[in-house]
A.B. asks: 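Before anything else, here's the structure in question.
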Amino acid sequence: MDYRLEQIYLMLGTGLDEARILGICGMGGIGKTTLARFVFDNISYQFDDGSSFLANVREVSQTRGLVALQEQLVSEILLDKNVKIWDVHKGCHMIRIKLRHKRVLLVIDDVDEFDQLQALAGQRDWFGLGSRIIITTRDRHLLVRCDVEDTYMVEKLNYNEALHLFSWKAFRKGHPTDGYFELSHSMVNYADGLPLALEILGSFLFARSKAEWKDALDRLKYVPDQKIFEILKISYDGLQETEKKIFLDIACFFKGKDKDQVRELLDSCDFYPEIGISVLIDKCIITLSNNILCMHDLIQDMGREIVRQQSPGNPGQRSRLWLWMDISRVLTKNEGTEAVEGIICLQPSKGVKLNPESFSRMKNLRLLKIRDVCLRHGIEYLPDELRLLKWHGYPLRSLPSNFQPERLFKLNICYSLVEQLWQGVQNMRHLKFIKLSHSVHLTKTPDFTGVPKLERLVLDGCTNLSFVHPSIGLLKRLKVLNMKECIRIKSFPAEIEWASLEVLILSGCLKLSNVRQIVQNAKRLLQLHLDQTSIEEVPPSIKFLSRLTVLTLRDCKKLVSLPSSISDLRSLKVLNLNGCSKLEEVPENLGHIASLENLDLGGTAIRRPPSTIVLLENLKELSFHGCKGQQKSWSSLIWLPFYPRANRDSLGFFIPSLSGLHCLSRLDLGDCNLQEGAIPNDLGSLSALTNLTLSRNNFFSLPASINQLSRLETLNIDYCNRLKALPELPASIDGLFAHNCTSLIKLCSPSNITRLTPRMFYLSNCFKLTGNMAIIFFKSLLQSLLKSQLRGLKSAVTSSEFDIVIPGSQVSEWFTYQSIEQSITIIPPTYCFNSFMGLAFCTAFSIHQHSSFLSHVSAPSNTLYLELVLEINGWHRHSVSISFDVNSLAQFNHIWLCYVSKSYFAAPEYPNPIKASFAARDHRYMKLKVKAFGLRFVFDQDVEEFTQSSSEFISEDLASDRLSVKPVIKRSSDYDLLYEQPHPKRVR
């Protein structure tokens, strides 16, 4: 509580002369009154002219009236028991006259109406200079109307605080009794930091048996505690009727959903959600996080209990159904009534068998969301009041003929058996959303004439759709049209008036060859996706799409040219031409698109990018991956060193100067047939570059200027078979991927490392890295990393981690604990935890195919994961994994070196036994053989020794065979949630 009180005292500003009003706001049971009472008890002595704590103002004003509260206020401050007030107006006058020159402390607790504040503290000048008025309320808007100086929003307790409070109530001490920890953990999680619930549940469970605790937990899953329910329900009772409906919809169906989407749906129900949701937020019933509707679990339980109490024994007479067992009963036994407004199944509903009259009595059903239910004889009726119809796997060929969905707002029937949605013109004037994704039996779209407000039409994966009704072109409010992979579509209607269209997705429409009409009549387009279509050219009229930000033409194999008018797209940020294999050039004025941020020219026939590319000052990502240029014979490559650089572009892809691209963060030059000297020397001028891919090229060395890339995090040089040496790498490097660099003999590690981030150095199949070159690399790397960690210890930044994969077969004696098994269990040495820096591991391993592998045509997965798991006292604490492509595995040797810093270990558990195990997972056809496994505890006094002896880490006995192991650029660490300060899951 200390830090909360500090914030409140700071907001009160007790040393200031003016009268100040402070609000303390939060949901019911969060501890507002407790905080206010504690503050009052601790500072009231500072107010010599008097103080008053008006408790339970909401309840007292209802039972005794505001006059009684005014009398209490004046009486407590003046210390006069004979104060008599005749009415509220005279009471306001008396407070102002009697107290305007007095420095007082006043707490007005649990306010829920503005007239209560008007009667008790209508103006600041009712009280003397230096007075402090504290108001506690569930309604933030009241505080806004009262013009308070500050508002303290009370947050729920964290886990440790909650467990401490619960323990004092349940065990009369600050921690759970032995044997009750897991049960206490479950109770604390249920209460979710709400002090009221923790106190009520803890007091209820005091001195009860484990069996009673377990029974209570099971009961809470279905029926909330009545005391908690009644207190929380006070907030619900204070809402207007439409606000109650909005709250119940959110509690039962929409918690965790996007506010804007829910608002649109509730608006179609005439619930006025704009003001309604705002009121719920002001009253601390719901909150917003990144526009997501959030609600405390116990408030959600309260709302659902209100619905359950509408008819405890008969779910068919409740307004909202969300539990699978209730929905199944109502639909299969035809128990639905007019009371049912919403059915949204939050669990899989397979196995539910509807009869034709399942919905016949549910005349007021607004919301229906089910999936994969069985129909025996079709369905006779769907309620006309439906606003939402979401039926995954809808089993009929069309909507029922007697269905009159005039109020329908959203229609979502993906993976349906629909052949034609409806016949003729259907009046759906409120319908804004239609989604029929992967309805493979759909052959034609319906007549949209009666759907004038349609905004989103999603037909992706409708592979048999061949006819588009002409009315689709007249949907003037249409904003999104997704027809991805509608492979039979050849053309669109001649008349198109898409005045509002913003996103058009036609990717995978393999037979579509002409988009001229679309481009000319969709002037508000923001995104245009034409991947894998048959277009041969982009029409010059594309220049009229002045708002276009994304244009993708990936794998358009027939595309041969782009118009020069593309440079007029002044808003374009993404241009993707990857895989357009017939595209030999792009317009020279491409560099005039100043807004461009992502340009992908990979896999094209382009040999020489336009020189104006250097003008793209806002470009962040650039890819030429697979642009090989003109292939030359091997005899011509012999003379390569004697070519001037100006003429070398005739032998491969030519890279222009990139020095002007100051925002470029990702550059992909992989598989570009780059020869020695092809990479510009000014590469180091790309000051923002973080990711550089140079894999599968033919150079012998890299420019030394790579060390000037001060922000470079990842360097990929996989399969650069001729590369012999690496220059010194920048200190920022986090990942070096050099798989199969079979000629590599020289390495320079990063120096002066300052950032403590996880680092990966994968050098599998680099078999020439023997002797001093490899040793020098690791000595420098480990020395730099550990010294950096020591610097971090002084600044309380201790999280560091790295791992290295390199050919080898032995574990150095430097590792104190060794085994030929796949796991080690050890007790840490009795050093002081403060000097403990981390754990170092080394594993020599090989991977073999099972004998049964050859009998299988293909494996179910192409990835094998190697995982290191740490357990302390049997609890999972940390894991590190790397992954390999099994398609290139063979029986050869590598070693994996790994270091994990102390930040992943809690001090109290440090001396306990630690088990480290190493295994392969997630592949049934491969087996892992561990040849040796070593571990060492690293302490700060070992750093110098660690640096001096790092040469022993790498075995001199490096295999001469060729091991084909392809690491995927991915590494993950998982952290146990039982940590006192859990670390987030990391995936790289």
Side-chain angles (χ1 to χ4, degrees), residues 753 756-761 778 781-790 792-793 797-805 811-819 821-845 866-882 895-919 930 932-947 949-950 952-954 971-976 978-983 986:
I753 291 176
L756 290 174
T757 57
R759 296 171 187 269
M760 299 157 282
F761 299 87
F778 286 108
L781 172 65
L782 298 175
Q783 178 185 26
S784 186
L785 283 169
L786 287 174
K787 287 186 176 180
S788 178
Q789 187 185 349
L790 278 176
L793 288 171
V797 181
T798 61
S799 176
S800 65
E801 202 176 304
F802 66 88
D803 60 339
I804 302 156
V805 176
V811 175
S812 166
E813 293 181 357
W814 183 86
F815 291 92
T816 314
Y817 304 92
Q818 296 198 17
S819 173
E821 304 295 332
Q822 293 188 193
S823 65
I824 299 177
T825 300
I826 55 176
I827 298 178
T830 56
Y831 290 88
C832 174
F833 181 78
N834 291 333
S835 67
F836 172 56
M837 292 188 64
L839 290 174
F841 304 87
C842 181
T843 303
F845 67 93
L866 307 183
E867 184 175 36
L868 171 67
V869 178
L870 298 179
E871 297 179 13
I872 301 178
N873 270 351
W875 289 92
H876 178 280
R877 280 295 179 262
H878 184 58
S879 66
V880 181
S881 66
I882 55 176
I895 61 174
W896 177 20
L897 287 148
C898 182
Y899 174 76
V900 179
S901 73
K902 66 175 287 183
S903 60
Y904 304 114
F905 303 88
E909 58 190 12
Y910 164 72
N912 294 318
I914 296 177
K915 180 181 179 181
S917 56
F918 180 76
V930 173
F933 185 26
L935 178 150
R936 175 167 177 150
F937 290 87
V938 180
F939 298 90
D940 53 11
Q941 60 264 36
D942 294 333
V943 174
E944 288 303 320
E945 177 190 348
F946 186 71
T947 303
S949 61
S950 61
E952 301 175 14
F953 279 22
I954 310 304
R971 175 145 179 267
S972 66
S973 296
D974 303 308
Y975 309 95
D976 195 305
L978 294 181
Y979 261 171
E980 183 175 81
Q981 293 181 332
H983 296 271
R986 176 172 57 83

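Scope of the values below: all heavy atoms of this structure, side chains included, with no hydrogens, waters or symmetry mates.
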A.B. asks: If you define the side chain from C-beta out and look only at heavy atoms, does anything of F841 sit under 4.5 Å from V900?
C.D. replies: yes
A.B. asks: Closest heavy-atom contact between V811 and A844?
C.D. replies: CG2-N, 4.1 Å
A.B. asks: Check F933 against A916 and note the closest heavy-atom contact, atom names and distance.
C.D. replies: CE2-O, 3.4 Å
A.B. asks: Calculate, to the nearest 0.5 Å, the distance between atoms OG1 and CD1 belonging to T843 and I895 respectively.
C.D. replies: 9.5 Å
A.B. asks: Provide the closest heavy-atom pair for V805 versus W896 in the form atom of the first, atom of the second, distance.
C.D. replies: CG2-CD1, 4.0 Å
A.B. asks: What is the distance from atom CD of Q818 to atom CG of L935, rounded to the nearest 0.5 Å?
C.D. replies: 10.0 Å
A.B. asks: Just say parallel, tilted or perpendicular for the rings of Y817 and F937, cut-offs at 30° and 60°.
C.D. replies: perpendicular
